[in-house]
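Only this structure's heavy atoms are used, side chains among them; waters, hydrogens and symmetry mates stay out.
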Amino acid sequence: MQSNKHLFLLLALLFVGTFYSVAQEDGIIPLPIKAEKDTIIAPLFPDPVKKDSISGDSAALKRNNGKAPLLLDKIKYKAKDHVRLSQKDQKIYLYNEAEIYYQDTELKAGIIIMDYIKNEVYAGRIKDSLGNYTQLPYFKQGDNEVRPDSIRFNFDTQKALIWNSRTEQQAGLGQLGSDAMKVYAEITKKENDSVYFLHEGKLTTSADTINPDYYIRIRKAKFVPKKKVIAGFSNLYIADVPTPIALPFAYFPLTVGRSAGVMMPTFGNDPDRGYFLQNGGYYVPFSEYADITLTGDFYTNGSYGFRTQSTYTKRYRYRGNVNFRYENLVTSQKGFDDYSNSKVWNIQISHSQDTKASPNSRFSASVNLGSSSYYQNSLNQVNLPLTQNNNLSSSISYSKTFPAYPSVNMSLTASHSQNTSPAARADPDLDNIQMTLPTFQASMERIFPFAKKDGIKKGVIQNINFQYDVNARNSLTTNDADFLKAAMFDNALVGAKHRIPISTNFKVAKFFSVTMGGSYEDVWALETYTQRYELGEDGATGSVVRDTISGFDRYNKYNMSASIGTTVYGTFNFGEDKKIQALRHVMRPSLSYGYSPSFDQFYDEYLNNDTGEIVQYSRFEGTLNGAPSLGKSNSLSFSLANTLEAKVRDKDSTATEPKKVPILSNFNISTGYNFESDSLKLSPLRINGGTNILDNKMSINFSAGLDPYAIDNNGRRIEKFNIDNGGSLFRLTQANINIGYSIDSETFGKKKEDEEEDEDEAGAYDYVAQSGGRDDDLFGRSDNFDDRRAGDDYDEDKDGDVENPRYATKIPWNFRLAYSASYFNSARQNEFSSHSLMFSGDIELSPRWKVGGSSGYDFKNKGFTLTQLRFERDLKSFRMNFNWTPFGQYSRWYFFIGIKSSILSDLKWENRSQR
């Protein structure tokens, strides 16, 4: 109860801070301007006052008692209005834009009084004609800068007393702005170049240092610039209101660059697993080029998890990261019927090489593998959008090019594909993981043996060319139970394929392009399989027995092909005075012929005594590259590609050319005819196309399959045209459509000249896309606000729309929609395999209030898809977020409020609910 009271009090104080900041923005609470007295009373200028615009030559000064002070031999000074040397007071008076330079020390102020006997200097402000203080002192020594109200400094001891000092210390990775700590103190004593003592100080990351929306008050502190602040009793103030958040002593690191440190955990309560500490750990930058972050979670019911994340980079060479995650998930308690214990894990590796590092070789890696149920069962909120990801994939490759003629490209690749859908996880015997360990690929550049090395190639002979490539693989399939165990290699398949394609091309009748060629393949296998029929023990029935023959074996095959194509342009002009001036239609018809003989020599036979049939089989059936074809292939195929665009009069009267608007970006039709088939010679008609409309805000893609043949009552195709069977000319067998639509408030306003805003918004989904998810928020947005990679970026200096501070006439918003449907009717199913509509959007109610959400409806399963509501409040130095998934399998809520700056990112409060 005490803890809840403290949290309630903290929220109440934060709400007061929120109201105070809103009131300031709306002009409800005026900000008082306190009249402060200057802490230095400057002596009056001795009469008569002599005006001198500049005097920096200390050698011209008269000696004092026959001796020249050492200070005056090295110091340089100037002032705009007055420079006065008083022999009686042994002081120099500088007034209005006064400046002093001595070694690495620089001092600027409205008034400067220098005692050249004590080697001390005093600096303060001056009043303008309205009685306001101006020209505050600016003190710089080395890299340290201080902006006080007044200062007293001794050049010999290097000590100083500073009143109302303000300084800015870069921290973290050294960024300015929100990641800079502002240090204020009423009285500062400079002991030496690296140690300052503060009295009644304030620490904040707020951009407004005069009236910060929050600060940490420190009574006494030791300040080491660019390193640390060690303070006594400290407590948090919000809008000048003290809060109960206090510490008897505090340590604030101000190290520039990366430094090791503890990452504070988040405390909370989960209804299924009890109280928890989450995302606590340690950060270690173990070299100039790499670092590692170790974090973990602990739940009171025994669940736990840990994560390691390491990033590395070397400029102009490479960059990447390695992430490993493991979670031990306990549900309920031992002895109860609903008790369960499961372990899930995930590993991600990303490596990219700079193209300048090695022009002829390249290594890259993108790995995302682990337990199929990791994202669905993970305890981390950041993985919510990834619960809808049904595939994990990985690829590691090394490639090298030998540039000498003829150049050769070689690559070695290991790949992985894992189906994580609920259906795949439900069947433990299903092989849902496919891997190649590895694939070797090599290819030689195209060679023209009958053409000159220099000059244009003409004719059939000169265009004859050939290549060579080889592909060798070790392929295997397995399931989650055997993954990364020796058993996963039990069904591995190893093979290689060599290929030599030969082709030539030429023109016929000027407008027709002809391509002719062929291909020879040599296929290798390390295992083959024989089949035989064997009677059972009863002697009446039997079965087919398959034996494995180890050892090298091979077969070869070849084919020939020819194609002819052209391009036809058609333009329909309607007149330059029309809105639509013309339509342009481009058609690219192509006719192709292919022939492949029958490779009977690689087939054997056995007699099936049960049926009395002679069965033909190839010993290469079941190998990696399969068996050569049995029976000739003799087919003709036809395709027609279309594009359609319009020329529209531009709305801009100054434009000299009409605007091109695509109507159909592509519309393709293809079919074929098999001469060797005894029946069903025609192939189904394939149609696919796509276009972008509404100024590229909407994309439409579609495809369909049309079969000219009818089917019988069992759903099998028969040798009878569908129109002769009482149907239409074609029978629709399948269709797909995908529509995407994106719109925002700028669509109906003035066009932006740049796209910086779009690029910044896209960065919010980098983490999800890297893990294999969508690169938008239609499946929800990651809500781990401790991880700046996964959350939105906030601009602390954002003051809203200056011209429209309350959005009186314009409210920024955006909306995204995706519609997808797949229809199947190959055997009169007449059903949709998938049919859904998803949408997401955000709206800024005010410059610092944003609400958004994402949802959808599955028409096939008659239910809503993953639904998420988001509420975001920018509190200048703070940010507040509330994400809510109201229903479904992943229903949960998450609340966060904390300081934006990474320096004080541990000053936060968050609460969440899982399941």
Side-chain angles (χ1 to χ4, degrees), residues 372 414-419 423-440 470-499 520-559 596-633 676-678 714-717:
S372 294
S415 64
H416 146 267
S417 178
Q418 185 172 350
N419 185 356
R425 300 198 311 270
D427 187 355
D429 298 326
L430 178 65
D431 289 337
N432 63 322
I433 302 175
Q434 292 80 38
M435 304 183 73
T436 59
L437 299 173
T439 297
F440 172 77
V470 58
N471 180 288
R473 285 185 294 152
N474 174 27
S475 178
L476 55 94
T477 58
T478 185
N479 51 41
D480 282 336
D482 296 334
F483 189 39
L484 298 184
K485 298 179 181 178
M488 67 183 263
F489 294 96
D490 291 345
N491 298 321
L493 298 176
V494 181
K497 180 169 60 176
H498 304 262
R499 191 173 69 97
Y520 172 83
E521 292 185 10
D522 203 82
V523 181
W524 297 354
L526 298 184
E527 284 185 349
T528 53
Y529 308 95
T530 61
Q531 300 179 30
R532 70 180 189 279
Y533 180 83
E534 189 174 276
L535 291 173
E537 295 181 357
D538 58 0
T541 60
S543 61
V544 178
V545 178
R546 194 166 181 259
D547 297 323
T548 301
I549 301 176
S550 300
F552 175 80
D553 203 348
R554 58 168 292 277
Y555 68 86
N556 62 327
K557 62 179 182 178
Y558 54 90
N559 61 73
S596 176
S598 177
F599 299 95
D600 306 68
Q601 65 271 31
F602 300 109
Y603 280 78
D604 298 307
E605 298 177 347
Y606 68 86
L607 176 64
N608 188 327
N609 291 335
D610 292 339
T611 61
E613 294 180 338
I614 296 178
V615 180
Q616 286 185 306
Y617 76 93
S618 173
R619 63 185 183 275
F620 295 99
E621 291 176 0
T623 60
L624 179 65
N625 294 298
S629 60
L630 179 64
K632 289 191 298 183
S633 173
E676 297 297 328
S677 177
D678 295 333
N714 296 321
R716 293 176 298 188
R717 299 173 73 204

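With rounding to the nearest 0.5 Å, the separation of CD in Gln616 from OH in Tyr603 is 8.5 Å. A distance of 6.5 Å separates CG in Asn471 from NZ in Lys497, rounded to the nearest 0.5 Å. Expressed to the nearest 0.5 Å, how far OG of Ser618 lies from CG of Asp604 amounts to 7.5 Å. Note that OH of Tyr617 is 5.5 Å distant from OG1 of Thr530, once rounded to the nearest 0.5 Å. To the nearest 0.5 angstrom, Leu493 atom CG is 8.5 Å from Leu476 atom CG. Between the CG atom in Leu607 and the OH atom in Tyr533 there is a gap of 8.5 Å [rounded to 0.5 Å].
Tyr606 and Asn608 are not linked by any side-chain donor-acceptor pair at a separation below 3.5 angstrom, with hydrogens and angles left out of the test. In this structure, a donor-acceptor pair under 3.5 Å is absent between the side chains of Gln434 and Ser475.
Between Tyr529 and Thr623 the shortest side-chain heavy-atom distance falls below 4.5 Å. A heavy-atom distance below 4.5 Å is found between the side chains of Ser598 and Leu630. Side chains of Val494 and Glu527 form no contact here, defined as non-hydrogen atoms less than 4.5 Å apart. Two residues are said to be in side-chain contact when any heavy atoms from C-beta on lie closer than 4.5 Å; Leu437 and His416 fail this criterion.
Put simply, the side chain of Asn432 gets close to the backbone of Asn419: a donor and an acceptor are under 3.5 Å apart. Side chain of Asn479 to backbone of Ala481: a donor-acceptor contact under 3.5 angstrom is found. At distances below 3.5 Å, not a single donor-acceptor pair connects side-chain atoms of Thr478 with backbone N or O atoms of Ile433.
When the side-chain hydrogen bond (donor to acceptor under 3.5 Å, both in side chains) test is applied to Asp547, the partners found at least two apart in sequence or on another chain are Arg532. Phe602 is linked by a ring pair (Phe, Tyr, Trp, His ring centres under 6.0 Å) to Tyr555, counting only residues two or more places apart in sequence or in another chain.
Using cut-offs of 30° and 60° for the angle between ring planes, the His498 and Trp524 rings count as tilted.
When the shell of 6.0 Å around CG of Asn491 is examined, it contains 12 or fewer heavy atoms from other residues, nucleotides or ligands.
Each salt bridge (charged side-chain N to carboxylate O under 4.0 Å, His left out) pair with one or both residues in residues 616-633, not counting sequence neighbours, appears once here: Asp553-Arg619, Lys632-Glu676.
Residue Ser372 comes nearest to Gln418 through the heavy atom pair OG-NE2, 2.9 Å, listed as atom of the first residue, atom of the second, then distance. Considering all non-hydrogen atoms of both residues, Ser629 and Pro597 come closest at OG-O, 3.8 Å. Of all non-hydrogen atoms in Leu624 and Gly495, the two that sit nearest each other are CD2-N, 3.5 Å. Across Met488 and Phe483, no two heavy atoms sit closer than the pair SD-C, 4.2 Å.
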